[in-house]
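Everything below concerns the one structure shown next.
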Amino acid sequence: MAASPLPPAGGVCRRVLLGTSLAAAAAGRAGAQALQPGAAAAGPGLYQIAREKGLTFGAAVQAGLLASDASYAAAYEREAGLLVPEFEGKWATLQPREGEFDFAQLDAIVQWGLARGRATRGHALVWHESFPQWAVAAVAEGAPRARAVMAAHIARVLSTTRLRIRDWDVVNEAVADPPGSDTPQPEGELRNTPLLRALGPSYIETAFRMAREQDATLRLVLNDYGLEEDTPWAEEKRRRLLVLVRGLVQRKVPLDAVGIQAHLQIVRPFSRPVFRDFVRALRAEGLAVLVTELDIREGNGIPEDYVARDRLVAERAAAFTEAALEGGVRTFLTWGLVDRYSWLVSEPGVARQDGKLHRGLPLDWEFSRKEMWRAMAQAFAAA
Ligand code: G3I
C-alpha cells in the first residue's frame, strides 16, 4: 500500500482525503459502469485498481479453460495481475508417476501470463491432497525414502520453473483442524499426513530448507485455511498456526510468508479487529502475509434473489479485504474469478445443498462484474 502522509494531528490531511476519494470514485465509476446489467466490463480491471495502491490482485486459473473459453481468458486478461494454477502445479499433475514429470499444463499458464506481463505463483510443492498413490506408498517405506522422494520432487520442480515462478506455497495445510471440525483429526496440532507419519513434524522445516537450497531468492510460503473467522474453532486454528510459525522462525527456517486461503463462509461471524490483529501477529514475526484463495460461501436458505445474495457476499468481501489491508496484506488472490467455474459450484462437499449455486467470486456466471467486484475495487482504491 503506497505510504500516505500522516494526517496532521486531529484531522485528516486534505490530500489524503482527496486522493482517496478520487481513487474510490474511479473504482466506483468502473464498478458502477460495469455493474449495469449486461454491461461489458468497462474501466480498469481489479489488478489495475490494486496496482494504483501498490497492491497485487490475482486469481487461480485453469490452463484448460484459458485455452478453451475465450470469455474466461478475456476476464483474466482484464482482471488478474497474478496467476496461480488451480491444480496444475500440484504433485499429482507434475509427477503422476515416480520420475515422470509433466510441466505442460503449468507451463501453459506461465506462458499465457508472461505474454501479458503477468506473473504466476506456485501452488503447492507439498500437500497431502493431489499426492499420488505412488508417493503415499513410497514415503510409507521409511524416513530415508520419504526424504529422498520429497527432495527429488522439490528439486525438479524448482529447477524447472526457476526463471518463471518466484513464489511458492511450499507446504499447504499442515495444521490439523481443531476438534469439532467436519474433518476430524487425531489429537495433535499438525495434520496427520503421509509425510508427517514418515518424517515427523520436521518434514515442514525440511521442505522449506530443500526449497531454499534450490533457490536463494524464491519467496517461500506456508499456506493454510480456516484462519479467518470469529469462532472458537478458527481461534484455535490461528493459535496452532502461530505456534508452528513461531517455532519455524525461531529455528531460522527459511520461511518468508504465510498464505491465508480465505475460503470464507457468510454463516460464520467475522470480526475485523480479530482478523486484522492475527495478520499483524504474523507480520510481527517478520513475515509477509498473502490472501491466497479468497472466495465466499453462502449459507443454505440465504435469500433467493441474486441482489440480496450478492449484497451479503459483497459486504463480507469488503469487511474481510479492509481488515486484511489494515493488517498489512498487500497481495490478494481469489480462488477463480468466475462463478461458473468455481470449485464452490463443482465440488459437492462445498456446494449449496438447496440446489442453488454459490456466487462467491468477483464475476458472475456470464463474466460480468458483481457487487463483490465493486467491494474489492473500492477497498483497494481506498487503501
Ligand atoms: O486432472 C484433470 C486434468 O487432467 C484435466 O485437464 C482437467 C480439465 O478440466 O481436469 C482435471 O480434473 C480435476 C480438476 O480439479 C479440474 O478442476 C482434478 O482431477 C481435480 O483434482 C482438481 O481439483 C482441485 C483440487 O484443489 C485438488 O487439486 C480443484 O480444482 C481446486 O479448486 C482445489 O483447490 C484447493 C487448493 O488447492 C487448496 N485449498 C483448497 C482448494 C479447494 O479444495
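Just follow the structure's listing: the first ligand is 1, and inside any ligand the first atom is 1.
Using a 4.0 Å cut-off between charged nitrogen and carboxylate oxygen, Asp256 and Arg212 count as a salt-bridge pair. A salt bridge links Glu79 and Arg369; the closest N-O separation between the charged side-chain nitrogens and carboxylate oxygens is under 4.0 Å. We find that Asp354 and Lys356 are not joined by a salt bridge, their nearest charged nitrogen and carboxylate oxygen being 4.0 Å or further apart. In this structure, Arg145 pairs ionically with Glu98, as a charged nitrogen and a carboxylate oxygen lie closer than 4.0 Å. We find that Arg311 and Glu315 are not joined by a salt bridge, their nearest charged nitrogen and carboxylate oxygen being 4.0 Å or further apart. For the pair Arg239 and Glu189, the salt-bridge criterion is met [side-chain N within less than 4.0 Å of a carboxylate O]. Salt bridge annotation for Glu298-Arg359: absent, with no cationic side-chain nitrogen under 4.0 angstrom from a carboxylate oxygen.
Those atoms of ligand 1 with a heavy atom of Glu173 less than 4.0 angstrom away are 38 (C), 39 (N), 40 (C). Close approach to Asn172 involves these atoms of ligand 1, each under 4.0 Å from a residue heavy atom: 38 (C). Under a 4.0 Å criterion applied to the non-hydrogen atoms of Ser130, ligand 1 contributes the atoms 27 (C), 28 (O). Less than 4.0 angstrom separates some heavy atom of Glu293 from each of these atoms of ligand 1: 36 (C), 38 (C), 39 (N), 40 (C), 41 (C).
At least one N or O atom of Lys90 sits closer than 3.5 Å to an N or O atom of ligand 1. In terms of polar-atom proximity, Glu86 is counted as a contact of ligand 1, with an N or O under 3.5 Å from an N or O of the ligand.
The nearest protein atom to atom 17 (O) of ligand 1, hydrogens excluded, is given as Gln62 NE2, 3.6 Å; this is a heavy-atom distance. Among protein heavy atoms, atom 15 (O) of ligand 1 sits closest to Phe87 CD2, 4.0 Å.
Less than 4.0 angstrom separates atom 13 (C) of ligand 1 from none of the non-hydrogen atoms of the protein. Checking atom 21 (O) of ligand 1 against the protein gives no heavy-atom contact under 4.0 Å. By the definition of a contact as any protein heavy atom under 4.0 Å away, atom 43 (O) of ligand 1 is in contact.
At least one heavy atom of Gln261 sits less than 4.0 Å from an atom of ligand 1. Residue contacts with ligand 1 include His263, since one of its heavy atoms falls under 4.0 Å from the ligand.
With hydrogens and angles disregarded, no donor-acceptor distance shorter than 3.5 Å links the side chain of Trp365 to the backbone of Asp339.
Between Phe320 and Phe275, the ring planes are tilted. Angles from 30° to 60° get that label.
Relative to the six-membered ring of Tyr76, Arg118 misses at least one condition, a distance below 6.0 Å or an angle of at most 45° to the axis.
No part of Leu65 comes within 4.0 Å of ligand 1, judged by heavy-atom distances. Proximity of Tyr225 to ligand 1, defined as any heavy-atom pair under 4.0 Å, is not found for any part of the residue. Only side-chain heavy atoms of Gln105 come within less than 4.0 Å of ligand 1; its backbone N, CA, C and O stay farther off.
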